[in-house]
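In what follows, every heavy atom counts, from backbone to side chain, and hydrogens, waters and symmetry copies are set aside. Keep in mind it's a predicted model, so treat the numbers as computed, not measured.
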Amino acid sequence: MTGVLIDALDSRTAAAGALVKHRTELLRVGADRLALAAHWCDLHPAVDRHGRRAGADGTPLVEEFAAEELGCLLQVHMYAAHNLMSDAVNLRHRHPLLWERLQAGEVLDWVAVKAARLVAAADLSLEQARWVDEVTTEYVVTLPTGRY
């Protein structure tokens, strides 16, 4: 069962409107999920420098068991929770332009995450990641998702 009454969409225009509405909601939910995960990191700072780096270079240290706690709340494995936290802070701290576009509803969360993960996997420093953010964000936002 879906939240949309499919039978009530009796025209192409109505169906198109429902699809556009869902895409807008999808953009918002994805951005909110990452913003909440970044905020979770803010609420769990490492005490006396004991903890784990939440993401790549330039991201904050968080309490050792922050991901495990978040995993319990979201009913996902602690590694999935850690990845969510890492993706969120990597975007917010290392890709501020992309983060801004994500929060404005201009880019899908998985597209932004994929870009941030590629940069983190290349082991780029904070400065290098921000340079990549500067030169690629306008293109990441405009490329069709089939290009990723």
Side-chain angles (χ1 to χ4, degrees), residues 1-45 52-63 66-148:
M1 178 122 186
T2 65
V4 176
L5 298 174
I6 302 298
D7 293 336
L9 302 174
D10 57 356
S11 71
R12 291 179 183 177
T13 303
L19 287 165
V20 169
K21 179 182 176 212
H22 277 263
R23 184 175 193 284
T24 302
E25 290 172 0
L26 183 66
L27 286 162
R28 180 76 270 133
V29 167
D32 286 351
R33 183 170 179 255
L34 286 163
L36 287 167
H39 187 60
W40 183 261
C41 293
D42 295 341
L43 296 173
H44 292 81
R52 299 177 176 177
R53 181 144 320 275
D57 181 46
T59 62
L61 294 175
V62 296
E63 290 176 348
E68 287 83 346
E69 188 179 343
L70 181 60
C72 288
L73 291 169
L74 297 179
Q75 299 179 4
V76 299
H77 195 278
M78 67 179 183
Y79 294 132
H82 171 74
N83 287 341
L84 176 61
M85 292 167 53
S86 179
D87 292 337
V89 295
N90 279 340
L91 280 163
R92 186 177 69 178
H93 292 270
R94 294 167 51 90
H95 303 272
L97 300 174
L98 186 54
W99 177 259
E100 185 179 311
R101 304 292 288 271
L102 171 73
Q103 295 304 314
E106 298 174 19
V107 62
L108 290 163
D109 59 333
W110 70 266
V111 173
V113 164
K114 187 169 184 177
R117 283 184 180 179
L118 286 169
V119 172
D123 202 27
L124 299 184
S125 69
L126 174 63
E127 294 76 24
Q128 291 169 323
R130 288 195 172 167
W131 178 82
V132 169
D133 185 49
E134 268 185 49
V135 300
T136 63
T137 294
E138 70 179 284
Y139 304 108
V140 169
V141 172
T142 60
L143 283 175
T145 54
R147 296 273 178 104
Y148 296 97

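Of the possible donor and acceptor atoms, none in the side chain of Glu69 sits under 3.5 Å from a partner among the backbone N and O of Ala66. At distances below 3.5 Å, at least one donor-acceptor pair connects side-chain atoms of Asn90 with backbone N or O atoms of Ser86. Remark: the backbone N or O of Glu134 is not paired with any side-chain donor or acceptor of Thr137 at under 3.5 angstrom. Side chain of Asp87 to backbone of Arg117: no donor-acceptor contact under 3.5 angstrom is found. Not a single donor-acceptor pair under 3.5 Å links the side chain of Arg94 to the backbone N or O of Gln128.
For the residue pair Met78 and Ala67, the shortest heavy atom distance occurs at O-CB, 3.9 Å. Nearest heavy atom pair, residue Glu63 against residue Pro45, reads CG-O, 3.2 Å. Closest heavy-atom contact between Leu124 and Asp57: O-CB, 4.3 Å. Summarising the geometry of Gln103 relative to Ala31, their closest heavy-atom pair is NE2-O, 3.2 Å, with the distance given to 0.1 Å. When all heavy atoms of Arg101 and Glu138 are compared, the closest pair comes out as NH1-CA, 4.4 Å. Scanning both residues, Ala112 and Leu102, for their nearest heavy atoms gives CB-CD1, 4.4 Å.
With contacts defined as side-chain heavy-atom distances shorter than 4.5 Å, the pair Val113/Leu34 qualifies. Proximity of Trp40 to Leu84: side-chain heavy atoms (C-beta onward) are nowhere separated by under 4.5 Å. Two residues are said to be in side-chain contact when any heavy atoms from C-beta on lie closer than 4.5 Å; His93 and Pro60 meet this criterion. You'll find the side chain of Arg28 stays beyond 4.5 Å of the side chain of Thr24, heavy atoms only.
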Problem - Stepwise side-chain contact (heavy atoms from CB on, under 4.5 Å) test for Trp99 and Asp133 - result: CA-CA 10 Å; Trp99 177 259; Asp133 185 49; over 6 Å; no
Problem - Verdict with supporting geometry, Arg23 and Leu108, side-chain contact (heavy atoms from CB on, under 4.5 Å) - result: CA-CA 9 Å; Arg23 184 175 193 284; Leu108 290 163; 4.2 Å; yes
Practice task
Before giving the answer on salt bridge (Lys or Arg N to Asp or Glu O under 4.0 Å), spell out for Glu68 and Arg52 the whole-Å C-alpha distance, their side-chain angles and the decisive distance to 0.1 Å.
Solution key: CA-CA 12 Å; Glu68 287 83 346; Arg52 299 177 176 177; 3.7 Å; yes
Problem - side-chain contact (heavy atoms from CB on, under 4.5 Å) evaluation trace for His22 with Leu26 - result: CA-CA 6 Å; His22 277 263; Leu26 183 66; over 6 Å; no
Problem - Test salt bridge (Lys or Arg N to Asp or Glu O under 4.0 Å) applied to Arg92 and Asp42, step by step - result: CA-CA 12 Å; Arg92 186 177 69 178; Asp42 295 341; 2.7 Å; yes
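Heavy atoms from other residues, nucleotides or ligands lying under 6.0 Å from NE2 of His39 number 12 at most.
The OG1 atom of Thr59 lies 5.0 Å from the CZ atom of Arg53; values are rounded to the nearest 0.5 Å. How far NE2 of His77 is from CG of Asn83: 10.5 Å, rounded to the nearest 0.5 Å. Summarising the geometry, atom CG belonging to Leu36 is positioned 9.5 Å from atom CG belonging to Leu74; distances are rounded to the nearest 0.5 Å.
With respect to the salt-bridge test (charged N to carboxylate O, under 4.0 angstrom), the residues Lys21 and Glu25 qualify.
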